[in-house]
Amino acid sequence: MAIALTGPGGTAAADEGDMLLTEDFEDGVANGWAPQGGTWAVVDVGGDSVYRATYNDGGATTLTATAGSSTWSDYAVEAVLTSANDANAIALRGRYRDANNTYALSLNTSTNTLSLSARVNGTSTTLDTAAATLDTGVAYRVGLRMDGDAITGYLNGTEVLAATDASLVAGRVMVGGYSKSNFSVDDVIVTDLRPTPAGDRYITPTGAGTRDGSSWANAFQGDRAGGLQRAWEATGPASTLHVGSGTYTTPQTLIMSSGGQSVTALKTLTGVNTGGGLPTFVGDFSLANQVQRQLIEVPVGVSHWRVRDLAVENYFYGIMARGQHVGVRIDNFDVTNSSDAIYLWGLPSGSSGDPATASHDIVITGGDYLNFTKSAVRFRNGNYLASVIDTRADAGGQANWLPGNFPLGFRVGDSGQASNVIEHDIVFQDVVSRNGYHEAGTSYWNGDGFTAERRARNITYVRARAFDSTDGGFDDKSTNPAYIDTVAFGNKRNYRIWSSGGAQFFGAIGAYSIDRGGSGDSVGLWAGAGTAVVDAYYSTFTNNAHAEIRLEDAVRVDIHDSIMAKTNGTALYTITGTGPLTVHDSEEYIAGVQGTDPQFVAPQAGWEGGTNAFDSRVYGTTKGYHSSGEHDTPYTVDSGTSSLALGVYDDASVTVTVVDAGGQPVADPQLVVWYSEAGDVARLLSARGATAQVQGLTAGATEIVAVYKGEKLRIPVTVTG
């Protein structure tokens with residue numbers, strides 16, 4: 001129904017719109033209200049039911065009650081408030097996020113003043129005040145209208161306060177405040193001011209025409225507080241908000257309160273080059289003043305959404321997704337100067353509920369993440385079935401470091417997660433991370449390219465590359481990680497492995513490590529902490545600053561058909577504590593001391609992959625890293641499935657057999673690792689073991705690959721829409 005905010009004077013204070021909430025308490029209950037402080041009860045006053053708050057002697061003096069949704073953005077709220085004491089300071093609040101972030105329309109019966117204020121991050125600012133006759137025991141109808149950055153206050157139907165403020169964009173309603181007696185609330189009405197969502201919408205910095213968003217000629221104005229919010233809420237389900245060229249300089253946050261209809265009908269926010277390049281959103285974050293604002297916030301449970309072709313600068317978070325999201329696509333989303341470019345909760349913060357309900361079906365493609373203080377992409381609290389493909393992260397090195405920060409470029413899991421909450425089946429494919437920098441004096445310096453915590457499993461790195469971080473290129477505590485054709489150069493410890501479940505390396509290379517400071521040595525492969533188990537096949541570790549491989553209380557490390565080569569020292573290995581290092585059929589070369597020079601084609605410390613510079617002229621594909629990604633192994637991997645044809649979101653099982661050089665089945669086919677050459681076309685629902693489950697994601701062609709100890713079987717996959 002349509003509701004007009006009116007008072008005794010009959011002056012409308014809100015446009016017509018859908019009613020979000022109405023409550024007169026005549027049924028004797030206050031369903032949906034969350035009171036805090038004092039005693040709240042529905043009571044009868046002269047035949048009228050009201051919601052009364054009463055102070056308890058010696059108890060809290062802040063008496064409040066909230067209702068509604070944290071995703072409400074543009075709305076008008078009215079209520080009847082009655083105060084019993086001049087000492088009370090009661091208010092009607094809107095866009096209430098928490099006690100430190102809210103707008104308030106306050107009644108002061110002691111000073112006969114009505115005031116409008118904004119409380120942001122705990123700091124209150126008075127926006128407007130007006131004199132008004134306010135008495136105790138008298139019921140006043142007050143109203144608060146929040147439409148974009150226009151904040152308006154009403155008393156008995158008449159506008160008396162007005163301000164412009166962009167600080168808060170969404171939140172619940174609240175009534176109450178300081179009281180050492182009692183006050184009452186009645187006849188609460190919340191009216192939605194958002195446009196009705198329908199079809200595609202269009203937005204440019206200044207807007208155009210009627211500014212109703214119906215076309216480019218009538219685009220919404222986007223470079224204003226709440227501009228992106230209003231446009232998104234006007235966009236229909238499974239429709240697209242098109243964002244035109246230009247720079248959007250007004251700091252704002254889009255609360256993505258709605259998603260699409262299904263995995264094949266996403267709601268999309270997309271940048272469009274309308275003549276000036278892709279759009280750029282510029283916030284107020286800086287290295288020296290790290291204002292905590294996100295461009296996009298996705299509330300818990302909002303699913304089936306896509307963000308693509310946008311540039312973001314100077315926001316604490318580019319995207320903050322609060323958890324339990326399904327069907328997420330982030331494409332060509334560039335973020336410069338941030339704390340975390342993309343932050344994805346699996347389950348909501350503090351939750352250890354059903355892991356199956358955590359965020360999943362996530363694909364991130366493209367994107368450059370530059371000058372972040374913490375992470376380029378962070379998965380936390382249970383994400384699964386996620387792929388990060390063809391992205392580049394550069395933390396900025398020393399120039400972008402301040403004490404208290406250290407970047408961990410692509411980060412999986414958290415050491416504080418509940419034991420039943422596991423990040424799993426996450427793929428990093430053709431991803432580059434560099435320049436994670438940290439200083440800690442003589443203590444150990446952090447700063448990683450990729451990091452995974454213990455409460456993670458089945459992380460797969462395919463052609464991922466890590467360069468020039470003050471700690472690990474890859475710092476991995478997860479269970480059963482797999483490294484396929486990966487590159488790590490110039491980090492302190494190119495590969496730092498803690499995995500108790502066994503890490504497998506196929507065609508990896510770690511070289512030219514650099515010790516930039518702090519304790520600990522600088523090596524190609526480090527394995528330790530009393531947990532590490534490593535099997536490396538057809539890999540190369542060369543010319544690292546200290547040893548090529550270090551064991552520091554590892555369980556065991558086995559190196560197969562690999563090359564350890566050194567021209568800058570006399571020790572290939574350093575072993576302390578427990579744990580054997582066993583080298584099988586590998587070249588162990590120290591210039592002028594032992595072994596055969598593998599004769600790399602064109603070795604150099606600045607190499608970043610993409611050429612044959614570290615192919616061995618002596619061993620070709622029989623030992624060590626090779627740029628082709630293929631190796632001559634004694635094994636044969638075969639399958640009865642020669643190819644697959646799938647529909648979008650169809651899946652199928654594929655099984656392989658593995659035999660050795662004598663034609664005998666191997667004893668450990670569970671060590672097979674699977675991946676897709678185009679993880680955005682098809683993915684592996686299960687990626688370990690002789691049988692894998694393959695799922696189509698979008699129309700296209702790719703290959704799924706089964707890897708066993710360096711031997712690869714490729715199976716073509718076609719996905720039709």
Side-chain angles (χ1 to χ4, degrees), residues 18 20-21 32 34 66-75 77 93-103 120-121 146 148 167-174 190 192-194 197 225-239 241 252-263 266-269 281 292-307 310 312 315-330 333 340-354 357-362 378-383 386:
D18 291 333
L20 296 171
L21 172 69
T66 58
S69 169
S70 62
T71 67
W72 288 354
S73 56
D74 290 351
Y75 61 89
V77 54
R93 304 175 196 272
R95 290 182 180 167
Y96 175 87
R97 194 169 73 200
D98 53 42
N100 290 317
N101 295 277
T102 182
Y103 290 117
V120 180
N121 295 328
M146 296 153 291
S167 304
L168 305 164
V169 296
R172 296 169 289 166
V173 298
M174 173 183 270
V190 181
D192 197 352
L193 302 180
R194 298 172 296 182
L228 196 57
Q229 184 76 37
R230 193 171 188 86
W232 179 260
E233 291 172 346
T235 303
S239 298
L241 172 58
Q252 57 182 301
T253 297
L254 164 61
I255 307 293
M256 194 177 278
S257 55
S258 61
Q261 296 174 332
S262 69
V263 292
L266 304 175
K267 187 170 180 178
T268 299
L269 174 66
F281 288 84
Q292 294 196 23
R293 187 193 306 275
Q294 49 265 35
L295 176 64
I296 299 171
E297 177 166 342
V298 190
V300 173
V302 175
S303 294
H304 307 135
W305 48 271
R306 182 192 300 271
V307 176
L310 296 177
V312 180
Y315 276 85
F316 195 87
Y317 301 117
I319 297 175
M320 166 56 78
R322 297 292 181 180
Q324 295 183 316
H325 315 291
V326 182
V328 173
R329 301 293 183 268
I330 303 171
F333 183 72
D340 300 80
I342 299 172
Y343 198 130
L344 301 170
W345 286 89
L347 293 170
S349 175
S351 172
S352 57
D354 182 0
T357 67
S359 300
H360 60 280
D361 186 10
I362 301 163
R378 183 172 186 182
F379 295 101
R380 185 175 186 183
N381 216 34
N383 296 271

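Small disclaimer: the values here were computed from a predicted structure and weren't measured.
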(request) For the pair Asn381 (side chain) and Pro348 (backbone), establish whether a donor and an acceptor sit closer than 3.5 Å, ignoring hydrogens and angles. (result) yes
(message) I want to check something: taking the side chain as every heavy atom from C-beta on, are Val263 and Asp361 in contact at a cut-off of under 4.5 Å?
(response) yes
(message) I need the minimum non-hydrogen distance between Val302 and Ser257, along with the two atoms involved.
(response) CG2-O, 3.9 Å
(request) Could you walk me through whether Leu20 and Asp18 pass the side chain to side chain contact (heavy atoms under 4.5 Å, CB included) test, one step at a time? (result) CA-CA 6 Å; Leu20 296 171; Asp18 291 333; 5.5 Å; no
(message) Within this structure, what is the CD1-CD distance for the pair Ile319 and Gln294, rounded to the nearest 0.5 Å?
(response) 11.0 Å
(message) When you measure from the side chain of Asn101 to the backbone of Asn121, do you find a donor-acceptor pair of N or O atoms at a distance under 3.5 Å?
(response) yes
(message) How long is the straight-line distance from CZ of Arg378 back to CE of Met320, given to the nearest 0.5 Å?
(response) 8.5 Å
(message) Just so I know, are the side chains of Leu269 and Leu254 near enough to count as touching, which here means a heavy-atom distance under 4.5 Å?
(response) yes
(message) Could you check whether any side-chain N or O of Gln292 sits under 3.5 Å from a backbone N or O of Phe316, counting only pairs where one atom can act as donor and the other as acceptor?
(response) no
(message) I need the minimum non-hydrogen distance between Gly148 and Arg95, along with the two atoms involved.
(response) O-NH1, 2.9 Å
(message) Could you check whether any side-chain N or O of His304 sits under 3.5 Å from a backbone N or O of Gly259, counting only pairs where one atom can act as donor and the other as acceptor?
(response) no
(message) Less than 4.5 Å apart, side chain to side chain, heavy atoms only: is that true for Val326 and His360?
(response) yes
(message) What's the separation between atom CG in Leu295 and atom CZ in Phe333, rounded to the nearest 0.5 Å?
(response) 6.0 Å
(request) Kindly indicate whether the side chain of Val173, heavy atoms from C-beta on, has any atom under 4.5 Å from the side chain of Tyr96. (result) no
(message) Do Tyr315 and Arg293 pair up side chain to side chain, a donor and an acceptor below 3.5 Å, judged on atom types alone?
(response) no
(message) Using side-chain heavy atoms (C-beta onward) and a distance below 4.5 Å, is Gln261 in contact with Pro237?
(response) yes
(message) For Tyr103 versus Met146, what's the shortest heavy-atom pair and its separation?
(response) CD1-SD, 4.1 Å
(request) Please report the shortest heavy-atom distance between Ala170 and Ser70, naming the atom on each side. (result) CB-O, 3.6 Å
(message) How long is the straight-line distance from CD1 of Ile362 back to CZ of Phe379, given to the nearest 0.5 Å?
(response) 5.5 Å
(request) Decide side chain to side chain contact (heavy atoms under 4.5 Å, CB included) for Arg194 and Ser73; before the verdict, give the C-alpha distance in whole Å, the side-chain angles of both, and the deciding distance to 0.1 Å. (result) CA-CA 8 Å; Arg194 298 172 296 182; Ser73 56; 3.3 Å; yes
(request) With rounding to the nearest 0.5 Å, note down the distance linking CE in Met256 to CD in Glu297. (result) 11.0 Å
(request) Look at the side chain of Trp232 and the backbone N and O of Ser258, then say whether any donor-acceptor pair between them is shorter than 3.5 Å. (result) yes
(request) Using modelled atom types only, decide if a donor and an acceptor are shared between the side chain of Ser303 and the backbone of Gly327 within a distance under 3.5 Å. (result) no
(request) Report the residues that fulfil salt bridge (Lys or Arg N to Asp or Glu O under 4.0 Å) with Arg380, sequence neighbours left out, ordered by chain and then residue number. (result) Asp414
(request) Using atom types as modelled and distance alone, determine if a side-chain donor or acceptor of Ser359 lies under 3.5 Å from a backbone N or O of His325. (result) yes
(message) Any non-hydrogen side-chain atom of Leu228 less than 4.5 Å from a side-chain atom of Leu241?
(response) yes
(message) Looking at Arg172 and Asp98, is there a salt bridge between them, counting it only when a charged N and a carboxylate O are closer than 4.0 Å?
(response) no
(message) Whether the Gln324 and Thr357 side chains hold a donor-acceptor pair (N or O, under 3.5 Å, no angle test) is what I'd like checked.
(response) yes
(request) List the atom of Asp74, the atom of Asp192, and the distance in Å for their closest heavy-atom pair. (result) O-OD1, 3.4 Å
(message) Counting C-beta onward and ignoring hydrogens, is there a side-chain heavy-atom pair between Trp305 and Arg329 closer than 4.5 Å?
(response) no
(message) So, taking the atom named CZ in Arg230 and the one named OG1 in Thr235, what distance separates them when rounded to the nearest 0.5 Å?
(response) 12.0 Å
(request) Identify the heavy atoms of Ser262 and Leu266 that sit nearest to each other, and give their distance. (result) O-CD2, 3.5 Å
(request) Please work out whether the ring planes of Trp72 and Tyr75 are parallel, tilted or perpendicular, with thresholds of 30° and 60°. (result) perpendicular
(message) Donor-acceptor check, side chain of Gln229 to backbone of Ile255, threshold 3.5 angstrom: yes or no?
(response) yes
(request) Taking the side chain as every heavy atom from C-beta outward, state whether Pro197 and Glu233 have any pair of such atoms under 4.5 Å apart. (result) no
